[in-house]
Every structure is written in structure tokens, then in C-alpha cells.
Amino acid sequence: MTKTFYGTSLSSPLMLGTAQYPSPAILADAFARSKASVATVSLRREASTNKAGQDFWQLVQSLNVKILPNTAGCHSVKEAVTTAHMAREVFNTSWIKLEVIGEEDTLQPDIFGLVDAARILIEDGFQVFPYTTEDLVVADKLVSLGCEVLMPWGAPIGSGMGLNNVFGLRALRAHFPEIPLVIDAGLGLPSQAAQAMELGMDAILLNTAVAKAGNPAQMAEAFAKAIDAGQLAASAVPMEPRDLACPSTPLFGQAELS
Amino acid sequence: MKDILVNSTPVLCQSDNLAALLIELGYENAVVATAVNGEFVAQHSRGTSLLKTGDKVEILAPMQGG
């Protein structure tokens with residue numbers, strides 16, 4: 001079943017970051033081959049001399065994808081809220097990927113700050129995509145505030161470890177069957193994205209796994225195919241796992257040869 | 001003249017307000033967002049955002065992000 005993200009249907013469940021690519025041309029190629037529907041972007045200081053941000057913005061606009069600005073690097077509610085306001089003006093969207101970083105080693109979200117910032121931004125009319133953990137209590141709080149999407153991490157940002165807590169993600173899926181869930185952060189391989197989709201996730205947000213691959217565009221396409229496969233598998237209703245063997249070849253009619 | 005910080009760099013500027021500062025520094029026609037002393041200043045409010053010595057101005061633009 002296709003879910004909408006704040007009323008918007010996406011052509012692909014792949015959201016792709018725009019950072020760390022070897023070149024703008026490779027970034028564009030990765031987006032083309034991945035058929036990603038969303039690009040994540042940020043705001044950073046602009047020098048009046050080279051105005052690199054203006055060239056980047058032209059490139060992103062040419063990708064013809066939905067823009068999802070982030071508040072990456074913000075460690076406080078005030079920083080995140082101010083950044084969100086600045087992003088809304090520059091990118092002309094109410095979508096905001098809300099990150100309030102709580103710890104430097106894992107870049108895990110400060111869930112207390114996240115909830116506070118989400119409350120403020122939702123009251124200000126933002127459509128918040130909260131970067132969160134798989135914690136059900138936090139998710140409940142975010143949803144009750146008005147978050148219509150949840151973005152649980154798979155593993156620490158940029159780690160490539162995959163899904164560190166499959167049980168927790170499965171519980172999140174079961175607890176919120178109607179809320180779009182986006183795995184954000186920590187994936188390194190297409191097989192991990194397929195696994196996430198098999199668990200019933202609705203979308204995947206990637207950056208480092210594609211941008212830092214030897215061939216980013218090819219890896220982007222590999223992720224797209226894996227996501228399609230995982231989504232197809234989920235809708236096909238996977239078999240129930242069992243502890244003991246069950247022969248697939250019929251025993252009936254087997255010859256007595258011993 | 002006012003001594004201010006623009007993106008943490010000391011700047012001696014003539015402008016009285018933020019809109020004028022952006023022109024003075026060469027940001028006219030650039031897609032940027034602004035803040036003064038940590039507070040967001042919307043585009044339509046830049047002309048009335050008066051500057052004084054010691055102000056900290058942030059000028060941000062679209063950048064790569066994950």
C-alpha cells in the first residue's frame with residue numbers, strides 16, 4: 001500500500017542525500033539512476049566571494065525531486081528551530097527533517113530536544129520528519145504532537161552497520177501501522193535496505209552508503225533495486241519462520257531404496 | 001561604520017540594516033537566509049532589521065546535506 005507523506009505521494013520510496021559525492025555530476029548521475037523522489041539538503045554559511053551555495057541550489061533544482069531540508073548539526077532546540085525557519089524560507093517548503101543531535105560519538109538524536117522542537121515547529125505550521133530512535137514512547141509522543149511521519153535510525157549516521165535493532169523496528173511498525181516510517185541513517189548495503197522494506201518500512205533515506213561507494217551512481221541503482229525487491233516481498237506476505245526443518249520435496253511416493 | 005561579525009568574520013560595514021548589508025557585501029540576488037544574534041530574520045524584515053556594532057550576522061545558503 002502506498003502511503004503519503006503529509007499528503008504527498010512519492011514516486012519512489014528512496015530519499016537520497018546530497019552530501020559527500022565526488023562531484024556534482026556524479027551526484028546528478030546517482031539521482032538519475034536511483035530514481036529517488038526526495039533530496040535532502042542543508043543550510044551552511046555562504047561566502048560572498050564564490051557563492052558555492054547558489055550553484056548547488058541550481059543543481060538540486062534541476063534534479064526535479066521533492067526537497068527535504070534538514071537541521072543537521074543542531075544540538076539545541078533553539079538552533080534546530082531557527083534553522084528550520086531559515087530553511088523554510090530558502091527552500092520554500094514546510095517539510096523539515098528535524099535533527100537534534102544529542103551525542104557526538106553516535107550522533108544519536110536528543111529525544112527530549114527533538115520532542116520540544118517538534119512541538120514548536122508543528123505549532124508554526126511545519127511538516128516535521130523527526131530523526132528519532134526506535135523508542136516507542138518517543139514515537140508516541142511525536143505522533144501525538146502531530147508528526148505524520150517517523151524517521152527511526154537503522155544505526156548511527158554514516159556507520160553503514162544496517163539495522164541494529166530489528167526487534168525494535170518491527171515493534172514500531174506493529175505499533176504504528178498507519179504512520180509512514182522512513183529508515184534514516186546507518187545503512188551501508190542494498191541488502192540492508194531490502195531488509196528494512198521487508199519489515200514493512202515505507203521509505204529509505206540514504207546518503208553516505210551511496211556517496212562514498214566506489215561507484216556512487218551504480219550503488220544508487222543497486223539500492224533502488226533492493227528497495228523495490230524488499231517492498232515487493234513485503235507485499236507478497238513472507239512465510240512465517242520456524243525453528244525446525246520442514247521438507248519442501250513431498251515424501252509421498254518416495255522409493256524404498258535402503 | 002559598525003564593527004559586526006558576519007559568519008564569524010569581522011566586518012566593518014556602512015549599512016544601517018540587514019537588507020543594505022547584503023547588498024554591500026555582494027549577496028544581492030543570492031538565495032540566502034539570515035539571522036542576527038541567533039534570531040531568524042525573514043527576507044521581508046531585513047529592511048527593518050537595524051544593525052549595531054557587535055551584532056552577529058549569519059548568512060546561510062543551500063548546501064549539501066544528508
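Every chain is numbered from 1, with letters handed out A, B, ... down the list of sequences.
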Worksheet item: When only heavy atoms count and the cut-off is under 4.5 Å, which of residues 55-73 of chain A reach chain B?
Response: F56(A), W57(A), N70(A)

Worksheet item: Considering residues, nucleotides and ligands other than Y6(A), do more than 12 of their heavy atoms fall under 6.0 Å from its OH?
Response: yes

Worksheet item: Checking A39(A) against chain B: side chain, backbone, both or neither under 4.5 Å from a heavy atom?
Response: neither

Worksheet item: When you measure from the side chain of Q54(A) to the backbone N and O of V31(B), does any donor-acceptor pair fall under 3.5 Å?
Response: yes

Worksheet item: Under the 3.5 angstrom rule, does the side chain of T82(A) hit a backbone N or O of F40(B) as a donor-acceptor pair?
Response: no

Fill in: Which of L16(A), V41(A), N207(A), T18(A) touches chain B most, by non-hydrogen pairs under 4.5 Å
T18(A)

Fill in: Ion pair R46(B)/E89(A), N-O distance below 4.0 Å
yes

Worksheet item: With a 4.5 Å heavy-atom cut-off, do V32(B) and M86(A) have their side chains touching?
Response: no

Practice prompt. Counting only heavy atoms closer than 4.5 Å, note whether E99(A) contacts chain B via side chain, backbone, both or neither.
Written response: side chain

Worksheet entry | Under 3.5 Å donor-acceptor, Y27(B) side chain and E46(A) backbone | yes

Worksheet item: Any salt bridge between K78(A) and E39(B), counting N to O under 4.0 Å?
Response: yes

Response to the item:
In short, P62(B) meets L43(A) closest at the heavy-atom pair N-CD2, 3.8 Å

Practice prompt. Determine which residues belonging to residues 212-223 of chain A lie within contact range of chain B, meaning some heavy atom pair is under 4.5 Å apart, and list them by number or answer 'none'.
Written response: none

Item to complete: Provide the closest heavy-atom pair for A61(B) versus G53(A) in the form atom of the first, atom of the second, distance.
Response: CB-CA, 4.2 Å

Item to complete: Can you tell which part of Y21(A) gets under 4.5 Å to a heavy atom of chain B, answering side chain, backbone, both or neither?
Response: neither

Worksheet item: So, does K97(A) use its side chain to make a donor-acceptor pair with the main chain of G66(B) at under 3.5 Å?
Response: yes

Worksheet item: What are the two closest non-hydrogen atoms of R45(A) and S8(B), and how far apart are they?
Response: NH2-OG, 2.8 Å

Discussion item. As an exercise: rank Q20(A), M15(A), H85(A), E79(A) by heavy-atom pairs under 4.5 Å with chain B and give me the winner.
Written reply: H85(A)

